[in-house]
Amino acid sequence: METESEPYVRLASLRQLHQVMADMNTARSLADTLQTVADGAVGALGYEMAAVNLVRQDGDLVVAAFSGNSAAEALITGRVGSRESWERRLNMGERWGDLVFIPHTEGWVLDDDDVPQWYTDGPAPRFEDEWHPSDRLFAPMYTPGGQGGSCGELLGVISVDRPRNGRRPGAWGREALQMYAFQAAIAISNARLRANMQRALVRLEREQQALRASEESFRQAFEYAPSGMAIAELGGDQHGRILRTNDALCRLLGRPASAMRRYSFSDLVHPEDIGTLLRTSAEGGRAELRLGRRDGTYVWVSLRNSVVADAADGPRFLLTHVEDIEERKRRELQLAHRASHDSLTGLPNSAELRSRLSARLCQRPAHGGAADSLDAAYGHPQALGSAGHGFDFAPAAEAYDAFDHHVHVVAPEDGRDDGTKGLAVLFCDLDGFKSINDRFGHNAGDAVLIEVARRLGSGVRDGDTVARLGGDEFVILADGLGRADAQDLAVRLRNEIIQPIRAEGRAVRVGASFGIGWAHCGMTADEVLKSADERMYVEKRSRPKQHRRAG
């Protein structure tokens, strides 16, 4: 093994080389593998010193392992040589297969570059094949698998110095070092792969731990959230079906979690709010609507949606946050009711009365006039809009669409009952009310007003409106009445009002005067009320003063 002329290789040397290669491939880490490579070049191949220069990510080479001389090891281990300087080395000198030998006659030009180096002392060679202290021998290591006989990527370089026999390696020695570099490259590649796999496994485990921690945090946040939470399917045949709910939502709706999984939100929402639910976006959508409780009642809630994925490419689900806003909605409704209703009697106030009346009337006359002329010209009604917001006449089809849904309000003919049904407006003014206030005080007057409001409400049909204009004036809107029907209603309501009323511990009486007006399209709400008011005063003046109240 030691000389080219040696007729045989000792079996012990082969065994030693085989054991070093086995040790390289069974090292526990990349650092152990690199040190085993350096030790094997010294122990099995017979060099006095060996260094393993490993290519870093930036391309430069670092002395990663050293063997044979502790002083040299301490001096150059960890030092870096530039890739440029190493490429210069590997492209000069003599090629011994994949090995590079730079004799001392050429290597002197490398003495001042940045590659870490160490030389053993010794005498100048006397024979041609003797090793010179300035000779250099490098064994490049390439990744296995180069195509077409070409070398793969450079992994590093094994640099050796001075064989122990003092002679340049012969054919067997060169072959052994070249084979050793090839096996070292495989071992280093495998060690790097193992290191990368270990880092990947550690990273994966950390990610899994983070994912488990995140899932646990989400589970706890979901389960123990103070407001309702639900997860529902997104897309597909089961879109919207509830998969999971937390305790807060189950308590809010009074339904167990097992029962909730049989529903979707569209099954639970109030029928009047289904449109709101369907218009709510899956991603970032918000809505305020009512959800049904188990006892049949409904609760106002605020829904907020977001889309979450089960995994990077897994199915997506709808996460819905459900907040109880019943108290806020109750306050809002109370405020709205106070704004539109009389605080004493609870009846709709003047503003609400005008709003309801205006909603029934449009500014187009019910019959006759310019509108009929245009109807005849274009073959369909003209749309003018609602009271106070008139549209210009326009001979285009689009102009008629606004009131396609509107049924025009008409009034029965004066002086006869021809069967026409209309919107009757009964203006009621109490007779003798001021004297009650003067004699018994305002508390008694308030009690009278409250009772009159109750009697008026009891005396009309569902859907009719009883409103208080102010003071002792009330108005009744009753749709679908003929003239005789309206007169009968006024008589019945008057008879109810004149019955004794208990106020402040005594029985008092008030009378009532009614004026019946009729609303029809083309009138404003104020015009309708003024007409009924005028008729009420006509009726009041037509009766003797002593008959205006019952006593």
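Everything numeric here is computed off the predicted structure, so don't read it as measured data. Throughout, residue positions are numbered sequentially from 1 according to the sequence presented.
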**Prompt:** Is Arg244 salt-bridged to Glu223, cutoff N-O under 4.0 Å?
**Reply:** yes
**Prompt:** Can Glu87 and Arg83 be counted as an ion pair, charged N to O under 4.0 angstrom?
**Reply:** yes
**Asked** Would you call Glu326-Lys329 a salt bridge at under 4.0 Å N-O?
**Response** no
**Message:** Could you tell me if the side chain of Leu289 sits less than 4.5 Å from the side chain of Leu303, heavy atoms only?
**Reply:** yes
**Request:** Classify the angle between the aromatic ring planes of His132 and His104 as parallel (below 30°), tilted (30 to 60°) or perpendicular (above 60°).
**Result:** parallel
**Message:** Can you confirm whether Leu319 sits close enough to Phe222 that some side-chain heavy atom of one is under 4.5 Å from a side-chain heavy atom of the other?
**Reply:** yes
**Item:** Worked check of side-chain hydrogen bond (donor to acceptor under 3.5 Å, both in side chains) between Arg356 and Thr465
**Value:** CA-CA 9 Å; Arg356 295 187 186 185; Thr465 295; 3.2 Å; yes
**Request:** Apply side chain to side chain contact (heavy atoms under 4.5 Å, CB included) to the pair Thr245 and Leu253, showing each step before the final yes or no.
**Result:** CA-CA 11 Å; Thr245 56; Leu253 301 183; over 6 Å; no
**Polar side-chain atom of Ser214 near backbone of Ala210 as donor-acceptor pair, under 3.5 Å** = no
**Prompt:** In terms of side-chain geometry, is the basic nitrogen of Glu327 or Arg331 positioned less than 4.0 Å from the acidic oxygen of its partner?
**Reply:** yes
**Item:** Atom pair CE/CG of Met49 and Asp161 - distance to nearest 0.5 Å
**Value:** 4.0 Å
**Request:** Just do the side chain to side chain contact (heavy atoms under 4.5 Å, CB included) check on Leu277 and Phe265 with the steps written out, would you?
**Result:** CA-CA 8 Å; Leu277 178 67; Phe265 278 108; 4.1 Å; yes
**Asked** Counting N and O atoms only, with roles assigned by atom type, does the side chain of Asp267 sit under 3.5 Å from a partner on the main chain of Ser264, one being a donor and the other an acceptor?
**Response** yes
**Message:** If you define the side chain from C-beta out and look only at heavy atoms, does anything of Asp111 sit under 4.5 Å from Val109?
**Reply:** no
**Asked** Between Trp86 and Arg89, is there a cation-pi geometry (under 6.0 Å to ring centre, at most 45° from the normal)?
**Response** yes
**Message:** Applying side chain to side chain contact (heavy atoms under 4.5 Å, CB included) to Val55 and Val62, what does each step give before you reach the verdict?
**Reply:** CA-CA 7 Å; Val55 176; Val62 61; over 6 Å; no
**Sidechain-backbone polar pair: Tyr180 side chain, Val37 backbone, donor-acceptor under 3.5 Å** = yes
**Closest approach of Arg360 to Cys521 (non-hydrogen atoms, all atoms of both residues)** = O-SG, 4.2 Å
**Asked** Which atoms form the tightest heavy-atom contact between Arg174 and Pro169, and what is the distance?
**Response** NE-O, 3.0 Å
**Asked** Is the shortest heavy-atom distance from the side chain of Asp324 to the side chain of Val299 under 4.5 Å?
**Response** yes
**Prompt:** Taking it one step at a time, do Gln35 and Asp39 satisfy side-chain hydrogen bond (donor to acceptor under 3.5 Å, both in side chains)?
**Reply:** CA-CA 6 Å; Gln35 190 60 50; Asp39 293 343; 3.0 Å; yes
**Prompt:** Under the 6.0 Å and 45° cation-pi test, does Arg255 pair with Tyr263?
**Reply:** yes
**Prompt:** To the nearest 0.5 Å, how far apart are OG in Ser70 and CG in Leu75?
**Reply:** 11.5 Å
**Message:** Against Phe101, only a single residue in Arg168, Arg95, Glu106 fulfils side-chain contact (heavy atoms from CB on, under 4.5 Å); can you say which?
**Reply:** Arg168
**Prompt:** Is there a donor-acceptor pair under 3.5 Å between the side chain of His341 and the backbone N or O of His337?
**Reply:** yes
**Prompt:** Can you tell me if Gln178 uses its side chain to pair, donor with acceptor, with the backbone of Asp98 under 3.5 Å?
**Reply:** yes
**Request:** Given ring-ring contact (aromatic ring centres under 6.0 Å, His included), test Phe66 with Trp118 step by step and report yes or no.
**Result:** CA-CA 11 Å; Phe66 194 93; Trp118 179 275; 7.9 Å; no
**Asked** Can you list the steps and then say if Arg167 with Glu130 is a salt bridge (Lys or Arg N to Asp or Glu O under 4.0 Å)?
**Response** CA-CA 4 Å; Arg167 304 179 66 180; Glu130 282 189 288; over 6 Å; no
**Message:** For a 4.5 angstrom cut-off between non-hydrogen side-chain atoms, does Pro348 reach Ser340?
**Reply:** no
**Asked** Can a salt bridge be assigned to the pair Glu205 and Arg212 using a cut-off of 4.0 Å between side-chain N and carboxylate O?
**Response** yes
**Message:** Taking side-chain contact (heavy atoms from CB on, under 4.5 Å) as the definition, give me every residue that meets it alongside Ser29, ordered by chain and number, with sequence neighbours left out.
**Reply:** Ala31, Asp32
**Message:** Do Arg192 and Leu54 have side chains that approach each other closer than 4.5 Å (heavy atoms only, starting at C-beta)?
**Reply:** yes
**Prompt:** Going by an N to O cut-off under 4.0 Å, is there a salt bridge joining Asp58 and Arg56?
**Reply:** yes
**Request:** Begin from the C-alpha positions of Ser85 and Ser82 and carry the test side-chain hydrogen bond (donor to acceptor under 3.5 Å, both in side chains) through to its verdict.
**Result:** CA-CA 5 Å; Ser85 296; Ser82 67; 3.0 Å; yes
**Phe138 and Asn53: CA distance, side-chain angles, deciding distance, side chain to side chain contact (heavy atoms under 4.5 Å, CB included) verdict** = CA-CA 10 Å; Phe138 304 119; Asn53 301 270; over 6 Å; no
